[in-house]
A.B. asks: 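Right, I'll just put the structure down here and ask away after.
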Amino acid sequence: MLDMKFLREHPEEVKENIRKKFQDSKCPLVDEVIALDKENRALKQHGDDLRAQRNSLSRQIGGMMKEGKRNEAELLKQQVSAMAEKMKQVEAKEGELAEKIEKIMMIIPNMIDPSVPIGRDDSENVEVERYGEPVVPNFEIPYHTEIMERFDGIDLDSARKVAGNGFYYLMGDIARLHSAIITYARDFMINRGFTYVIPPFMIRSNVVSGVMSFAEMDNMMYKIEGEDLFLIGTSEHSMIGKFIDTILDEKKLPYTYTSYSPCFRKEKGAHGIEERGVYRIHQFEKQEMIVICKPEESAKWFEKLYQNTVDFFRSLDIPVRTLECCSGDLADLKSKSVDVEAWSPRQKKYFEVGSCSNLTDAQSRRLKIRVNGEKGKYYAHTLNNTVVAPPRMLIAFLENNLNEDGSVSIPEVLQGYMGGMKKLEVKK
RNA sequence: GGAGACGUAUCGAAGUGGUUGUAACGAGACUGAUUCGAAAUCAGUUGACGUGUGAAAGCGUCCGUGGGUUCGAAUCCCACCGUCUCCGCCA
């Protein structure tokens, strides 16, 4: 959500930004909302005048009643009553206009960072850097569910019976590996100075509409029947929501959290054959990081955040690359976003395992997350990034650590979390 | 789930229909005086949002949220949300 003042003063820049995101059909909204805003302010002035008049007359009535001038008071009462109809109309119009304006402001995209490459969709995202050697071994690597099955580590058939497609039973060493990765990720981030948090896994609708766009909400969120509650799609939702409607002390910034949660997503729409197994699922677990900081520091934090994910994967010997999201692939609230992708030796390409975003002040404006600083009040910047989402990351883990004899090596940093195991051996 | 109490600005807290409510009072914070410096003391300042302006003044809105009654609502009525205490149930 943009600042109305900014939009009023820089309409051409806002339109240019919309065009860069290939959403040209939204351009007319800019002039439309400026006109509405102008009308709204004039109407508000009119309403304020009426209210001032009423307040003043009502005070006079109060005075007269005390002095016992009943007849005069009655006359004034009638006068104020006569205004009532007009005020009602003005107030109704005020509400109507404010609603229209907000609706438009919600769909005008955030200003993208000047460094964001211009492109229509994810095919035009730009590789930034590769870390580690993407190795293709000289033996065949099976689909990840097949590797898991060798260890009796997955049961999708039962999951389908119990909950439907998009759910899984992880079992035995594979389940243990999953938990080990989450726990290791938690400690990894704690060691980097982040505060560990376990947040609510359900949130109210007002938080939902603050942290994401309407399109996302419809495609992602599960609603609890009969309650004003939604299952979170990521702990970012409850973690940013934590700060809703607050004024933070500048001295306490930045807030750097790493949170654990299960995540629930509808994942509406058809998905390809490469997204079977545990790639795209309705329920998964994730270790997340979020930062709330001063505007001038968000660019620096952005770099640090995705670097954390890169370092995490590299500590497990998984080759990764960073991919800059182009303008058209950037969600409307985001100013800049980098995906971290892990190497798949089976597919011989990289696939997404995490996403790092700087939302500048767009999210905080919606949620009213402000900072009381030396130079006055301002909106904080919010950022979020995936540390790791183990079900999906297991794909990269198993593929990259698979040995020719079918065993899977466990990197040193993880062995402690696996009870000292150095290898998963195939059961005969 | 049942019963009761409560929700007022950074915090505590008064305020049960009106010119004296511009939300008292107290604490905290900030500024100044005093002091070699500090504590204590004294004086002053200290909510948010919108509008307006060169800047201001002014005006409007906000007393958990949303409605209603009234010329006028923190105050009365209704619904919802939340907190606390006790009871019940349950990891």
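Letters A, B, ... are given to chains in the order of the sequence lines, protein chains preceding strands, and every chain is numbered from 1.
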A.B. asks: Using 4.0 Å as the upper bound for N to carboxylate O, is an ion pair formed by A/K77 and A/E74?
C.D. replies: yes

A.B. asks: Using atom C1' in both nucleotides, what's the gap between B/U8 and B/C86 to the nearest angstrom?
C.D. replies: 27 Å

A.B. asks: Taking the side chain as everything from C-beta on, heavy atoms only, tell me whether A/D332 gets closer than 4.5 Å to A/Q23.
C.D. replies: yes

A.B. asks: For B/A56 and B/C49, measure between their P atoms and round to the nearest Å.
C.D. replies: 14 Å

A.B. asks: Please determine, for B/A27, whether a Watson-Crick or G-U wobble partner exists with both distances under 3.5 Å, and give it or none.
C.D. replies: B/U10

A.B. asks: What nucleic acid atoms does A/R365 come within less than 4.0 Å of, heavy atoms only: base, sugar-phosphate, or nothing?
C.D. replies: nothing

A.B. asks: Verify the neighbour count for atom CD of A/E91: are there more than 12 heavy atoms of other residues, nucleotides or ligands below 6.0 Å?
C.D. replies: yes

A.B. asks: Under a 3.5 Å limit for both distances, which nucleotide forms a Watson-Crick or G-U wobble pair with B/G17, could you say?
C.D. replies: none

A.B. asks: May I ask you to decide whether A/K161 forms a salt bridge with A/D157, counting only side-chain N to carboxylate O separations under 4.0 Å?
C.D. replies: no

A.B. asks: Between A/R19 and A/E16, is there a salt bridge with N-O shorter than 4.0 Å?
C.D. replies: yes

A.B. asks: Using a heavy-atom cut-off of under 4.0 Å over every strand shown, decide if A/G63 touches base, sugar-phosphate, or nothing.
C.D. replies: nothing

A.B. asks: Just by distance, do the side chain of A/R265 and the backbone of A/G233 share a donor-acceptor pair under 3.5 Å?
C.D. replies: yes

A.B. asks: Tell me, do A/Q79 and A/L75 make a side-chain contact under 4.5 Å, heavy atoms counted?
C.D. replies: no

A.B. asks: To the nearest Å, how far apart are A/R204 CZ and B/G66 C1'?
C.D. replies: 14 Å

A.B. asks: When every nucleotide of nucleotides 56-65 of chain B is labelled 5' to 3' by its protein contacts under 4.0 Å (heavy atoms), B for base, S for sugar-phosphate only, - for none, what sequence of letters results?
C.D. replies: ---SSS----

A.B. asks: Can you tell me how far CG of A/L50 sits from CG of A/N55, rounded to the nearest 0.5 angstrom?
C.D. replies: 11.0 Å

A.B. asks: Taking the nucleotide of RNA chain B with the nearest heavy atom to each, does A/K5 or A/K377 sit closer to the 5' end?
C.D. replies: A/K377

A.B. asks: Rounded to whole angstroms, how far apart are CD1 on A/I369 and P on B/A48?
C.D. replies: 18 Å

A.B. asks: Could you state the atom-to-atom distance from CE of A/M83 to P of B/U70 in whole Å?
C.D. replies: 17 Å

A.B. asks: What's the CZ-P distance between A/R8 and B/G50, to the nearest Å?
C.D. replies: 10 Å

A.B. asks: Taking only the C1' atom of each, what is the distance from B/G54 to B/A38 in whole angstrom?
C.D. replies: 44 Å

A.B. asks: Tell which nucleotide pairs with B/U22, taking only Watson-Crick or G-U wobble pairs whose two distances are both under 3.5 angstrom.
C.D. replies: none

A.B. asks: Determine the Euclidean distance between corresponding P atoms of B/U75 and B/A9; express it in Å to zero decimal places.
C.D. replies: 15 Å

A.B. asks: Tell me which nucleotide, if any, is Watson-Crick or G-U wobble paired with B/C63 when both distances must be under 3.5 Å.
C.D. replies: none

A.B. asks: What is the distance from CD of A/Q78 to C1' of B/G72, rounded to the nearest Å?
C.D. replies: 16 Å

A.B. asks: Return the nucleotide paired to B/G58: Watson-Crick means purine N1 to pyrimidine N3 with N6-O4 or O6-N4, wobble means G-U with N1-O2 and O6-N3, both under 3.5 Å.
C.D. replies: B/U51

A.B. asks: Looking at B/U41, which nucleotide sits across from it as a Watson-Crick or G-U wobble partner, both distances under 3.5 angstrom, or is there none?
C.D. replies: B/A33

A.B. asks: Considering only the P atoms, how many Å lie between B/C89 and B/G17, rounded to the nearest integer?
C.D. replies: 44 Å

A.B. asks: Find the distance A/D3:CG to B/C49:P and express it as a whole number of Å.
C.D. replies: 12 Å

A.B. asks: Starting at atom OH of A/Y379, determine the distance to atom P of B/A48, rounded to an integer number of angstrom.
C.D. replies: 13 Å

A.B. asks: Could you please name the partner base of B/U69, counting Watson-Crick and G-U wobble pairs only when both distances are under 3.5 Å?
C.D. replies: none

A.B. asks: Using a 4.0 Å heavy-atom cut-off, does A/I61 contact any base of the nucleic acid, only the sugar-phosphate backbone, or nothing at all?
C.D. replies: base

A.B. asks: Would you mind reading off the distance between A/E91 atom CD and B/G66 atom P, rounded to a whole angstrom?
C.D. replies: 14 Å

A.B. asks: Provide the distance between the two C1' atoms, one in B/G58 and one in B/U22, to the nearest whole Å.
C.D. replies: 13 Å

A.B. asks: If you assign A/I247 and A/D37 each to the RNA chain B nucleotide with the nearest heavy atom, which residue ends up on the more 5' nucleotide?
C.D. replies: A/I247

A.B. asks: Partner lookup for B/U83, please. Criteria are Watson-Crick or G-U wobble with both distances under 3.5 angstrom; report none if nothing qualifies.
C.D. replies: B/A5

A.B. asks: If you measure from the P atom in B/G67 to the same atom in B/G18, how many Å do you get, rounded?
C.D. replies: 24 Å

A.B. asks: Rounded to whole angstrom, note down the C1' distance from B/A91 over to B/U83.
C.D. replies: 23 Å

A.B. asks: For A/Y143, does the six-membered ring have the charged nitrogen or CZ of A/R276 within the cation-pi criterion, i.e. under 6.0 angstrom from the centroid and within 45° of the normal?
C.D. replies: yes

